[in-house]
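Following: one structure in structure tokens, then a few remarks.
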Amino acid sequence: MTPARSGEWRPLPRRFYQRPVVELAAALIGQVLVRRRGRLLLAGRIVETEAYGGEGLDPSAHSFRGSTPRCAVMFGPAGHAYVYTTHQGRCCLNVTAEGDRRGKAVLIRALEPLSGLETMRALRLAALDEGPTRARLLAGRADHELAAGPGRLCLGLAIDRELNGVDLTGARSPLWIAGPGRSGGGSRPSIRWTPRVGLNPASASCAWSWRALDVASAAVSPPRGARAGGSKLPRPRACPRPQHRTAKNIP
DNA sequence: CTCACGATCAGCT
DNA sequence: GCTGATCGTGAGG
């Protein structure tokens, strides 16, 4: 936001990412994702993440069946960006974990915008078709909705496949993750665990509560299609026996 | 080459 | 709360 605050946004070191992936998903809550675009900094506080396990361990992970051209970055060192495209030209951002080259990563699902809000709004709008609803969207898009969702935050922060593989710890990186700085207030966020979004409810991995979210944030992404603006926290998708992580759960 | 499948989103009921 | 759009990716023939 302010130059003084942006000066506090230094990249977290490699060792921050070198830990079990579920632990990293929790540790990322409250940190600040920063995107440098020319002289402009776009940034938001991370409020929602999901852990994805490794090859042969987590059927929901792209790395489950081993390295492919798309997910090769997951098999690289920790602290790099894995950006993949989903349909409708949208992207999702993951950060690699552990560095054991077994394909573990954390999906960043939602941010609370901190810096560059007008640019985020413009980038989001540019991705929509021109039409009669455009003005209404412009007026109605609340700040906390700008990056509430994995595809939305990539649009708003101009994150696309060109950033796939970038080192998040690099001093000159166009993308990095920083500590909360003074604005963090010193108190650790309160984390709630739920099953991950979009899984087949019948799948065994649906029982693993590997989605971490900041209970205090209004910017967490709804599981699917729910109207924004409501104050209710998202309800986890119906899954058999949701449970918190256990030693057995952690790949 | 062809086919099936989503780690989604916006709009409407 | 539900539906349709729409296309990159990877597996298989």
Side-chain angles (χ1 to χ4, degrees), chain A residues 21-22 24-25 28 46 48-55 57-75 81-97 103-111 120-121 123-142 144-157 159-162 164 194-206 208-213 219-230 232-239 251:
Chain A
V21 68
V22 176
L24 179 62
L28 283 166
I46 298 170
E48 181 183 349
T49 60
E50 284 180 356
Y52 283 85
E55 179 175 7
L57 295 167
D58 178 4
S60 307
H62 288 170
S63 55
F64 181 60
R65 292 170 198 283
S67 184
T68 66
R70 176 174 58 158
C71 71
V73 171
M74 291 183 82
F75 289 86
Y82 167 44
V83 182
Y84 73 91
T85 51
T86 173
H87 48 76
Q88 284 186 298
R90 296 193 172 113
C91 293
C92 291
L93 169 69
N94 300 251
V95 304
T96 55
K104 297 178 188 181
V106 175
L107 171 69
I108 310 296
R109 286 193 58 88
L111 307 175
M120 290 184 200
R121 201 181 303 276
L123 288 167
R124 289 286 310 282
L125 285 167
L128 296 174
D129 290 331
E130 299 287 339
T133 60
R134 198 173 190 278
R136 184 157 51 93
L137 286 166
L138 179 60
R141 188 83 66 191
H144 72 267
E145 297 177 61
L146 289 173
R152 293 172 181 178
L153 74 88
C154 284
L155 279 176
L157 272 67
I159 295 167
D160 59 23
R161 283 298 295 275
E162 293 198 356
N164 188 39
T194 81
R196 292 172 293 181
V197 172
L199 302 191
N200 181 344
S203 71
S205 60
C206 202
W208 305 343
S209 289
W210 284 359
R211 174 176 178 238
L213 48 92
V220 294
S221 66
R224 185 174 182 176
R227 211 69 173 139
K232 279 190 356 180
L233 285 171
R235 184 175 56 80
R237 197 186 177 101
C239 288

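Note on naming: letters A, B, ... go to the chains in the order of the sequence lines (proteins, then strands), and numbering restarts at 1 for each one. These figures come from a predicted structure and were not determined experimentally.
- For the pair A:L155 CG and B:dC9 P, the computed distance is 9 Å after rounding to whole Å.
- Atom CG in A:D160 sits roughly 19 Å away from atom P in B:dT8 (whole-Å rounding).
- In this entry the distance linking NE2 of A:H87 with C1' of C:dT3 reads 13 Å, nearest Å.
- Residues A:V95 and A:V106 are in side-chain contact: their nearest non-hydrogen atoms beyond the backbone lie under 4.5 Å apart.
- With B:dA10, B:dA7, C:dC7 as the choices, the nucleotide that has an atom nearest any side-chain atom of A:L107 turns out to be B:dA7.
- Stem analysis of DNA chain C (Watson-Crick or G-U pairs, both distances under 3.5 Å, runs of at least three) returns B:1-6 with C:7-12, B:8-12 with C:1-5.
- The shortest side-chain heavy-atom distance between A:D58 and A:W208 falls under the 4.5 Å cut-off.
- Within a 6.0 Å sphere centred on CZ of A:R65, other residues, nucleotides and ligands contribute 12 heavy atoms or fewer.
- Between the P atom of B:dA7 and the CZ atom of A:R70 lies a distance of 8 Å, rounded to the nearest Å.
- Nearest heavy-atom pair, A:M74 versus A:A105, reported as atom, atom and distance to 0.1 Å: CE-CB, 3.8 Å.
- Considering all non-hydrogen atoms of both residues, A:T85 and A:C91 come closest at CG2-SG, 3.7 Å.
- Within the 4.0 angstrom heavy-atom criterion, only backbone atoms of the sugar-phosphate kind lie near A:G149; the bases stay farther away.
- Within the 4.0 Å cut-off from OP1 or OP2 of B:dA10, at least one side-chain nitrogen or oxygen of A:R152 is found.
- When all heavy atoms of A:S205 and A:R196 are compared, the pair lying nearest together is CB-NH2, 3.4 Å.
- Spacing between atom CZ of A:R90 and atom P of C:dG8 amounts to 13 Å, rounded to whole angstrom units.
- Between the C1' atom of B:dA7 and the NE2 atom of A:H62 lies a distance of 6 Å, rounded to the nearest Å.
- Annotation for A:L93 and A:L107: closest pair O-CD1, 3.4 Å, computed over non-hydrogen atoms.
- By the stacking rule of 5.5 Å between ring centres and under 30° between planes, A:Y84 does not stack on the base of B:dA7.
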Give me, pair by pair, the N or O atoms of the protein and of nucleotides 11-13 of chain C that are less than 3.5 Å apart, along with how far apart they are.
none

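- Put simply, A:R109 has a side-chain N or O that comes within less than 4.0 Å of OP1 or OP2 on B:dT8.
- Nearest to the side chain of A:T85, among B:dA7, C:dG10, C:dT9, sits C:dT9.
- Contact record, A:L155 with A:L123: O-CB, 3.4 Å, taken as the closest heavy-atom pair.
- Atom P of nucleotide B:dC9 and atom CG of A:L153 are separated by 9 Å, given to the nearest angstrom.
- Counting only heavy atoms from C-beta outward, the side chains of A:Y84 and A:N94 approach each other to under 4.5 Å.
- Between A:R161 and C:dG8, a side-chain N or O to OP1/OP2 separation shorter than 4.0 Å is absent.
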